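Accompanying notes for the structure given below.
Just so it is clear, the structure is predicted and the values come from calculations on it, not from any experiment. Both ligands and their constituent atoms are indexed starting at 1 by order of listing.
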Amino acid sequence: ADELKICQAFCTEIVKPPVEGESNSRRNIPFVAFVLGGPGSGKGTQCLKISETFGFDHIGAGDLLRKEMHSDSENGAMIQKLMKEGSIAPSEVTVKLIKKAIESAENCKFLIDGFPRSEENRVAYERIIGAEPNFVLFFDCPEEVMVKRVLNRNEGRVDDNEHTVKERLKVYKAITLPVANHYAKKGKLYKVDGTGTQEEIFERVSPIFASLRLST
Ligand SMILES: Nc1ncnc2c1ncn2[C@@H]1O[C@H](COP(=O)(O)OP(=O)(O)O)[C@@H](O)[C@H]1O
Ligand SMILES: O=c1ccn([C@@H]2O[C@H](COP(=O)(O)OP(=O)(O)O)[C@@H](O)[C@H]2O)c(=O)[nH]1
Ligand SMILES: [Mg+2]
């Protein structure tokens, strides 16, 4: 009971009203950490390690959009065009995909990776989901390091090329960084040095998650 209280203390609002017959854990309010940082700052890599070690579900906003793009959905072509030019997809599309991922999970602890990318994304999430994130993990990384990583990524992505990464960096600085600043002002931003090896970075990230005492 004590741990549940701690879980709930982290949460600002109830996302889903309890449904009769649902087990206790499904009724728990989701615990959400947004993970932000520029393209190639290591968000996806670290999210994988965090989810393995600390039992979070990893929701990659870009991954959801890529899956949608490769499906027959009506939005596929639009998403592909926006990704290729380094722009941001409409909030409704992204938030709907995130909401579905949260609702279909058994887990109640989530890393939402690469979102929100704009103030508009943030506001749409808070309106549609009905809650703020519990905290925001932010990877701080110099541009030249990020560009080098992106150009070496080799996952066949439409946006991992020199032209698009330049556009993405512009969008990141102008439109995504203000989101990080918003959460910094609220005391919710955990800034981590994103340089060094994957292991070195994970050693900086681990204590943040180790210090959380969550009920599931
Ligand atoms: N600390 C690191 N040092 C070197 N390469 C890394 C490091 N972390 C991630 N990478 C590699 O850099 C690329 C970008 O990392 P990724 O986790 O996809 O970043 P993001 O999700 O922020 O774009 C990937 O190919 C990944 O394997
Ligand atoms: O909330 C999001 C997340 C991603 N994207 C799009 O998907 C691309 C790739 O995002 P991802 O997070 O996969 O890239 P990363 O930062 O990990 O390299 C972005 O440049 C955007 O075009 C978006 O529009 N909204
Ligand atoms: Mg990523």
Under a 4.0 Å threshold between the charged nitrogen and the carboxylate oxygen, would [Y] count as salt-bridged to [X]?
X	Y	result
K49	E52	no
R122	E126	yes
E92	K96	no

Backbone N/O of [Y] and side chain of [X]: donor-acceptor pair under 3.5 Å:
X	Y	answer
R168	P39	no
N161	T164	yes
H182	P178	no
T53	I50	no
N134	V32	yes
K170	I175	no
K188	P133	yes

For [atom], what is the closest protein heavy atom, and at what distance to 0.1 Å?
atom	value
atom 21 (O) of ligand 1	G44 N, 3.0 Å
atom 4 (C) of ligand 1	R149 NE, 3.7 Å
atom 13 (O) of ligand 2	R66 NH2, 2.8 Å
atom 5 (N) of ligand 2	L65 CD1, 3.4 Å
atom 22 (O) of ligand 2	S87 O, 2.6 Å
atom 14 (O) of ligand 2	R168 NH2, 2.9 Å
atom 18 (O) of ligand 1	R153 NH1, 2.8 Å
atom 1 (O) of ligand 2	F115 CD1, 3.2 Å
atom 16 (P) of ligand 1	T45 OG1, 3.6 Å
atom 8 (N) of ligand 1	Q198 CG, 3.7 Å
atom 24 (O) of ligand 2	A89 N, 2.7 Å

Rounded at 0.5 Å granularity, tell me how far [atom1] in [X] sits from [atom2] in [Y].
X	Y	atom1	atom2	result
D113	L36	CG	CG	9.0 Å
D159	E167	CG	CD	12.0 Å
T176	F115	OG1	CZ	11.0 Å

* **Mode of D159 contact toward ligand 2 - side chain, backbone, both, neither (heavy atoms, under 4.0 Å)** => side chain

* Check each heavy atom of R153 against ligand 2 and say whether those closer than 4.0 Å belong to the side chain, the backbone, both or neither. => side chain

Provide the number and element of each atom of ligand 2 under 4.0 Å from a heavy atom of [X].
X	answer
G114	1 (O), 2 (C), 3 (C)
P39	16 (O), 18 (O)
I88	24 (O)
A61	1 (O), 2 (C), 3 (C)
T94	1 (O)
R157	9 (C), 11 (P), 13 (O), 14 (O), 15 (P), 18 (O)

* Can you say whether the rings of Y183 and F34 are parallel (under 30°), tilted (30 to 60°) or perpendicular (over 60°)? -> perpendicular

* Asked: If hydrogens are left out, which of K43, R149, R117, M83 has an atom nearest to atom 12 (O) of ligand 2, that is, the closest non-hydrogen atom?
  -> R117

* Per-atom contacts, ligand 1 versus G42 - under 4.0 Å to a heavy atom -> 16 (P), 17 (O), 19 (O), 20 (P), 22 (O)

* Give the atoms of ligand 1, by number and element, whose distance to some non-hydrogen atom of I201 is under 4.0 Å. => 1 (N)

* Is there at least one pair of N or O atoms, one from G40 and one from ligand 1, spaced under 3.5 Å apart? -> yes

Looking at ligand 1, would [X] count as a contact under a 4.0 Å heavy-atom criterion?
X	value
G38	yes
G37	no
G196	yes

* May I ask you to identify, for T197, whether its side chain, its backbone, both or neither come under 4.0 Å of ligand 1 on a heavy-atom basis? => backbone

* Please tell me if the side chains of M146 and E143 come closer than 4.5 Å, counting only heavy atoms from C-beta onward. => yes

* To do: State yes or no: do V171 and L177 share one hydrophobic cluster built from I, L, V, M, F, W and Y residues joined by side-chain heavy-atom distances below 4.5 Å, directly or via other members?
  => no

